[in-house]
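It should be emphasised that the depicted structure is a prediction, and the values quoted were computed from it without experimental measurement.
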Amino acid sequence: MVLRSIPFSAALAQVPRNEKRVVINVRRGDYYSVPYNRGMYSFDIQEYIKVAIQRALDQQDIPSIHLVSDDIPWCQLRLGWLNQIAPTTYESTSRTVLTDLAAIATANRLILANSTFSYWGAYISNILHSNFDTVIAPRFHSRKSASTSAGQLDPRWTIIENIPGGWDS
């Protein structure tokens, strides 16, 4: 239903296409501002992105990076080092949920957050790109389960099993 909706179709049409750029979704928002959620879902995003970017580089060159996040200022401050790897852009400050989802869904190369929003964007991307290049996701979803593994992960995706310092850091 989402794929056929007029507002989402309009958002998809506005996203510039670049099959080789890497789109990174960073989830901050209530994962970090609400104490319970922070204890349940937070992890060292910077370390995870370093590992995931290296995995993407192992697969092929990265001509550009585009960051989609609910906390762009944090990303600009903490992930500015990505510019040393490839020119990095950020989703507009006038972004909406639909434009963020469209930016993720149109990507052929994705690095996901541990969020349902991220997973849905990747699922849609996998439909739009039947031969998608790469989806990289963290094994970690939340501390709710004993294994902390995300059951939502598609077996075709590349999974980051561990990060320096572990998922609890």
Side-chain angles (χ1 to χ4, degrees), residues 1-31 41 43 45-72 74-76 79 82-83 85-142 149-161 163 167:
M1 205 59 153
V2 170
L3 283 173
R4 293 188 193 131
S5 78
I6 292 171
F8 188 62
S9 294
L12 285 173
Q14 297 302 313
V15 177
R17 299 299 198 273
N18 180 337
E19 295 294 314
K20 297 300 177 190
R21 84 173 174 176
V22 172
V23 174
I24 302 173
N25 183 223
V26 171
R27 167 82 165 148
R28 299 269 312 151
D30 66 340
Y31 272 23
Y41 299 104
F43 62 87
I45 294 171
Q46 294 174 84
E47 286 301 321
Y48 165 66
I49 297 296
K50 286 177 186 174
V51 172
I53 276 289
Q54 186 56 54
R55 187 72 58 86
L57 280 167
D58 289 348
Q59 295 171 358
Q60 62 181 281
D61 289 339
I62 299 174
S64 64
I65 298 168
H66 185 68
L67 263 141
V68 178
S69 178
D70 56 0
D71 193 349
I72 295 294
W74 183 92
C75 291
Q76 291 171 323
L79 301 174
L82 289 167
N83 271 311
I85 294 166
T88 303
T89 57
Y90 301 87
E91 194 60 24
S92 166
T93 54
S94 62
R95 55 180 261 290
T96 67
V97 171
L98 284 179
T99 59
D100 280 1
L101 187 61
I104 296 167
T106 56
N108 199 32
R109 299 174 73 195
L110 274 168
I111 295 175
L112 304 182
N114 62 322
S115 77
T116 305
F117 186 80
S118 221
Y119 303 140
W120 275 109
Y123 298 145
I124 295 169
S125 171
N126 293 170
I127 291 167
L128 296 176
H129 303 280
S130 57
N131 292 326
F132 64 91
D133 275 344
T134 307
V135 175
I136 298 173
R139 175 186 60 83
F140 175 84
H141 178 72
S142 78
S149 291
Q152 307 89 326
L153 303 175
D154 186 311
R156 299 172 296 168
W157 299 349
T158 300
I159 308 305
I160 302 298
E161 293 292 334
I163 58 173
W167 296 111

For Phe140, is there any backbone N or O sitting under 3.5 Å from a side-chain donor or acceptor partner on Ser142? no
With side chain to side chain contact (heavy atoms under 4.5 Å, CB included) as the test, would you mind laying out the steps for Tyr119 and Asn114 before giving the verdict? CA-CA 8 Å; Tyr119 303 140; Asn114 62 322; 4.1 Å; yes
Cys75 and Leu67: which non-hydrogen atoms are nearest, and at how many Å? SG-CD2, 4.0 Å
Has the side chain of Arg109 got a donor or acceptor atom that lies under 3.5 Å from a matching backbone atom of Val22? no
When you measure from the side chain of Ser118 to the backbone N and O of Leu112, does any donor-acceptor pair fall under 3.5 Å? no
Minimum-distance pair of heavy atoms, taken over all atoms of Phe117 and Ile104: CE2-CD1, 3.7 Å
Among Tyr41, Trp167, Tyr31, the one residue meeting ring pair (Phe, Tyr, Trp, His ring centres under 6.0 Å) with His141: Tyr41
Should Leu57 and Ile85 be marked as a side chain to side chain contact (heavy atoms under 4.5 Å, CB included) after you check the CA-CA gap, both sets of side-chain angles, and the distance that decides it? CA-CA 9 Å; Leu57 280 167; Ile85 294 166; 4.1 Å; yes
Minimum heavy-atom distance between Ala105 and Ile124, given as atom pair plus value: CB-CG2, 3.5 Å
Just by distance, do the side chain of Asp133 and the backbone of Asn108 share a donor-acceptor pair under 3.5 Å? no
Is there side-chain contact between Ile136 and Ile160, with at least one heavy-atom pair below 4.5 Å? yes
For the side chain of Asn83 and the backbone of Thr88, is there at least one donor-acceptor N/O pair under 3.5 Å apart? yes
Under the side chain to side chain contact (heavy atoms under 4.5 Å, CB included) rule, what do Ile65 and Ile53 come out as? Steps first, then yes or no, please. CA-CA 10 Å; Ile65 298 168; Ile53 276 289; 4.1 Å; yes
What I'd like to find out is whether the side chain of Trp74 reaches to under 4.5 Å of the side chain of Leu79, using heavy atoms alone. yes
Distance check, rounded to the nearest 0.5 Å: Ser115 atom OG versus Trp120 atom CH2? 12.5 Å
Donor-acceptor pair, side chain of Asp70 and main chain of Arg27, under 3.5 angstrom: no
Do the charged groups of Asp61 and Lys20 touch, with an N to O distance under 4.0 Å? no
Ignoring hydrogens and angles, tell me if any N or O in the side chain of Thr99 forms a donor-acceptor pair with the backbone of Thr96 under 3.5 Å. yes
Any residue meeting salt bridge (charged side-chain N to carboxylate O under 4.0 Å, His left out) with Arg28, in chain and number order, not counting sequence neighbours: Asp71
Partner residues of Thr89 under the side-chain hydrogen bond (donor to acceptor under 3.5 Å, both in side chains) criterion, sequence neighbours left out: His66
Taking side chain as C-beta onward, heavy atoms only, is Ile62 less than 4.5 Å from Arg21? no
Determine the minimum heavy-atom distance between Asn126 and Trp157, stating which atoms define it. OD1-NE1, 2.8 Å
Side chains of Thr134 and Leu110, heavy atoms from C-beta outward: is any pair under 4.5 Å? no
Exam field: side chain Thr106 to backbone Ala102, donor-acceptor pair closer than 3.5 Å: yes
By side-chain hydrogen bond (donor to acceptor under 3.5 Å, both in side chains), Gln54 pairs with (sequence neighbours left out) Asp58
When you compare the side chain of Ile49 with that of Ile45, does any pair of heavy atoms fall below 4.5 Å? yes
Are Val135 and Thr158 side-chain neighbours, meaning at least one heavy-atom pair lies under 4.5 Å? no
Any side-chain heavy atom of Leu82 sitting closer than 4.5 Å to one from Ile24? yes
Can you tell if the side chain of Ile159 reaches within under 4.5 Å of the side chain of Pro138, non-hydrogen atoms only? no
